[in-house]
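Report on the following structure.
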Amino acid sequence: MIIEIYIFFGFPLQVCMIKLNEMKKIDLIISLFFLSVIISLTGCDDQSASVVGPVNNYTFEVEDTVVSALSHEFEVGMIDEGYELPRDWSFWRLQIWDNTKPMEEYKIDENWIFISKDKYISIPDGIDYDWISFRKIITDGTPKLKVILKENDTMEQRTVKISVYNEWDNKNGLSFGEVIITQKGRPDSTPYEMKVRYKGKIYSSMVHQDIEENIIFEDSEFEAFIKEIESHAGIEMVIYEDDIVDYIDNSDKTAKAALKKVYEKFNDPSRTCPLELDLPMTRGQDGFRFMESGALGYCAMFDDKNYSDTHVYSNLYNLMESYDIQYFRSVGLNDKVTSLAVGYNGFDAKVCAVLTIWEDSYFNFEDYDRTKHRISIVATKENPRVGVGSLKSVKCINSSNSWNDRISSSSFHFGYYDKSLKDY
C-alpha cells in the first residue's frame with residue numbers, strides 16, 4: 001500500500017511525501033506521529049488564531065453631530081447594548097480637519113494624545129485644543145463626555161473624529177466606537193430667491209440666512225403665507241421644476257392621489273420604457289454630467305452648491321431598478337448635501353423618476369410621516385431634467401431651516417406619474 005500525504009505551509013510551498021509499503025498498523029501510527037513532529041518543527045502556525053483586532057462594538061447616542069457656527073456645549077454618551085463599556089475614556093486617535101486640510105492629524109501633547117496605532121492611553125479630566133474642548137463626566141452608568149465648541153468665525157467647517165477604546169482584554173480583544181463632531185462655518189448671508197407654488201400659483205421672496213442658518217424672509221407677507229400653508233392638514237412638498245417647491249395639502253385631492261402614485265414603485269417586470277435621447281438640458285446641466293446615454297433614470301447629490309465637490313450618483317436602466325442610501329455616512333455625505341439633480345430619459349409620460357430624501361437615517365427609521373421631514377424631486381417626460389442648485393432655497397416644513405446639509409437617507413425609483421399632479 002502506498003499513501004501520499006501533501007502538507008501545505010504557505011510560501012514557500014513545502015510538500016511532504018511518505019511512502020508506506022505493506023507497513024504494519026503500529027508502524028503507520030509511529031510514522032504519523034513523527035510526521036506531526038515534522039509539521040510542528042517547520043514553524044507552521046494558524047494565522048486565524050492571531051490576536052483579536054479592534055471591533056466596533058460601542059454605539060453612541062449620536063454618531064454624527066453637526067452644529068452651527070455658534071458656540072455650543074453638549075454631552076456625548078454611549079449606549080449600553082450588553083458590551084462591557086470602558087471604565088474610562090481612552091483615545092486611540094484624534095483627528096481634526098477642515099475643508100482645506102482633509103484628514104490632517106494634530107499631535108497635541110505627549111501626556112494625553114498620540115497618533116501611534118500600536119497603543120492608547122486614558123485621557124485626563126479635561127482636554128483643550130484651539131476651538132474644541134472635552135471634559136469627562138463621571139457617572140455611575142455609561143461614560144459621558146462634555147464637548148465645548150467656540151464660535152466659528154470663518155466660513156470653513158471643521159471636524160473632529162474621536163475613537164474611544166476599552167481597556168485591553170486578552171480574551172475579547174479591543175472594542176471601540178467612533179463619534180464625529182462637525183461645526184459648520186458661518187453661512188453666506190447674501191440674499192437669494194425662494195420660490196414656492198400653491199394651487200398652481202407661484203409666489204417668491206428674497207431671503208437670507210443668519211449665523212444659525214435660519215431662513216430670514218425679507219417679505220413679511222410671504223413669510224406669513226408660508227407659515228399658514230404649512231399649518232394645513234396633510235401638507236407635503238415636491239419639486240418637479242427647477243428650484244420651485246410645490247406645496248400640496250389635503251384640499252388638493254386630485255394632486256394628493258397623483259402624488260401617492262408617484263411614491264409607488266413599479267412592480268410589473270414585463271413593462272418596458274423606450275428611451276428618449278438628445279433631451280434638452282436645463283440650467284442645472286452640470287448636475288447631469290455623470291448621466292449615461294443608455295440610462296432610463298438618474299440621480300446625483302453634491303456636497304457643494306451648483307453641483308460641485310464630493311458627490312454620489314446612480315444610473316438606472318429599467319423600471320424595476322431602485323437605488324437607496326440608508327445612511328449617508330456610508331458615502332461620506334451625511335448632513336452635507338447642498339445640490340442635487342434628477343433625470344428621466346423615457347418616452348412614457350405615465351412614468352417618472354423620483355428621488356425622495358429624508359432628514360433622518362434609514363428613511364426616518366421607516367417612518368414616512370411628513371412631520372419627520374421628507375421631500376421628493378420628480379423628473380417626468382415633460383420636465384426630464386430637474387435640478388436644485390442650492391438646497392438653501394428649499395425650506396423644511398414647520399422649521400426655520402432649509403434642506404441644505406440636512407439629508408441622511410434617500411430612495412430613488414420609478415413611479416407612476418399623472419399629469420393631474422400639476423393641474424390642480
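We number each residue from 1, following the sequence as shown.
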Evaluate side-chain hydrogen bond (donor to acceptor under 3.5 Å, both in side chains) for S133 paired with K150, printing each intermediate quantity in order. CA-CA 9 Å; S133 300; K150 296 180 181 178; over 6 Å; no
Please check this pair: side chain of [X] against backbone of [Y], looking for a donor-acceptor N/O pair closer than 3.5 Å.
| X | Y | result |
| --- | --- | --- |
| E321 | Y317 | yes |
| E212 | A69 | no |
| D242 | G387 | yes |
| K256 | G234 | yes |
| N345 | A295 | yes |
| N315 | E292 | yes |

Intermediate values then yes/no, side-chain contact (heavy atoms from CB on, under 4.5 Å), Y417 and L259: CA-CA 8 Å; Y417 185 73; L259 185 58; over 6 Å; no
Between [X] and [Y], is any pair of side-chain heavy atoms under 4.5 Å apart?
| X | Y | answer |
| --- | --- | --- |
| T310 | F302 | no |
| E218 | P191 | yes |
| I132 | D130 | no |
| I248 | I235 | no |
| I202 | I244 | yes |
| V337 | L391 | yes |
| I180 | R329 | yes |
| F74 | T65 | yes |

Worked check of side-chain contact (heavy atoms from CB on, under 4.5 Å) between D348 and K381: CA-CA 7 Å; D348 194 339; K381 185 178 185 299; over 6 Å; no
Determine whether the aromatic ring centres of F225 and Y203 lie less than 6.0 Å apart.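 Here the rings of Y203 and F225 have centres that are less than 6.0 Å from each other.
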Ring centre gap for F290 and Y313 strictly below 6.0 Å: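 When the ring centroids of F290 and Y313 are compared, they turn out to be within the sub-6.0 Å range.
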Heavy-atom closest pair, residues [X] and [Y]:
| X | Y | answer |
| --- | --- | --- |
| M301 | F328 | SD-CZ, 3.6 Å |
| S322 | L316 | CA-CD1, 4.0 Å |
| E151 | R158 | O-NH2, 3.4 Å |
| Y327 | S361 | CD1-CB, 3.6 Å |
| S308 | S339 | N-OG, 4.3 Å |

Do we see a donor-acceptor contact under 3.5 Å between the side chains of [X] and [Y]?
| X | Y | answer |
| --- | --- | --- |
| D304 | T338 | no |
| S205 | K195 | no |
| E230 | Y247 | yes |
| T154 | N152 | yes |
| Y198 | D249 | yes |

Stacked cation flag R289 on Y307, 6.0 angstrom / 45 deg: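 Relative to the ring axis of Y307, which defines the angle, R289 lies outside at least one limit.
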Is NZ or CZ of R385 both nearer than 6.0 Å to the six-membered ring centre of Y298 and within 45° of the ring axis?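 Not flagged: R385 not positioned over aromatic ring of Y298.
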Using 0.5 Å steps for rounding, measure from the [atom1] atom of [X] to the [atom2] atom of [Y].
| X | Y | atom1 | atom2 | result |
| --- | --- | --- | --- | --- |
| I215 | E213 | CD1 | CD | 10.0 Å |
| C396 | I375 | SG | CD1 | 8.0 Å |
| T254 | D252 | OG1 | CG | 8.5 Å |
| E75 | L145 | CD | CG | 9.5 Å |
| Y362 | Q326 | OH | CD | 6.5 Å |
| K392 | Q209 | NZ | CD | 5.0 Å |

So, using salt bridge (Lys or Arg N to Asp or Glu O under 4.0 Å) as the criterion, who are the partners of K305 when residues are at least two apart?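 Salt bridge (Lys or Arg N to Asp or Glu O under 4.0 Å) list for K305, sorted by chain: empty.
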Intermediate values then yes/no, side-chain hydrogen bond (donor to acceptor under 3.5 Å, both in side chains), Y263 and S376: CA-CA 9 Å; Y263 291 135; S376 294; 3.3 Å; yes
Charged N to carboxylate O under 4.0 angstrom, [X] versus [Y]?
| X | Y | result |
| --- | --- | --- |
| E73 | K146 | yes |
| D405 | K336 | no |
| D418 | K261 | yes |
| E223 | K227 | yes |

For S220, check side-chain hydrogen bond (donor to acceptor under 3.5 Å, both in side chains) against everything at least two apart and list the hits.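 Here no residue qualifies.
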Describe, in one word, how the ring planes of F266 and Y416 are oriented to each other, choosing from parallel (under 30°), tilted (30 to 60°) and perpendicular (over 60°).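 Ring orientation of F266 relative to Y416: parallel.
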Only pairs at least two apart or in different chains count here, so list each side chain to side chain donor-acceptor pair (under 3.5 Å) that has a residue in residues 406-415.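 Counting only pairs at least two positions apart or across chains, the side chain to side chain donor-acceptor pair (under 3.5 Å) contacts touching residues 406-415 are D324-S411, N334-S408, D335-S408, E359-R406.
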Begin from the C-alpha positions of S270 and D268 and carry the test side-chain hydrogen bond (donor to acceptor under 3.5 Å, both in side chains) through to its verdict. CA-CA 5 Å; S270 64; D268 183 1; 2.6 Å; yes
E221, CD: over 12 other non-hydrogen atoms inside 6.0 angstrom: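 Incorrect, the count does not exceed 12.
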Determine whether S402 and N404 satisfy the following criterion, side-chain hydrogen bond (donor to acceptor under 3.5 Å, both in side chains), listing intermediate values before the conclusion. CA-CA 5 Å; S402 71; N404 184 57; 5.1 Å; no
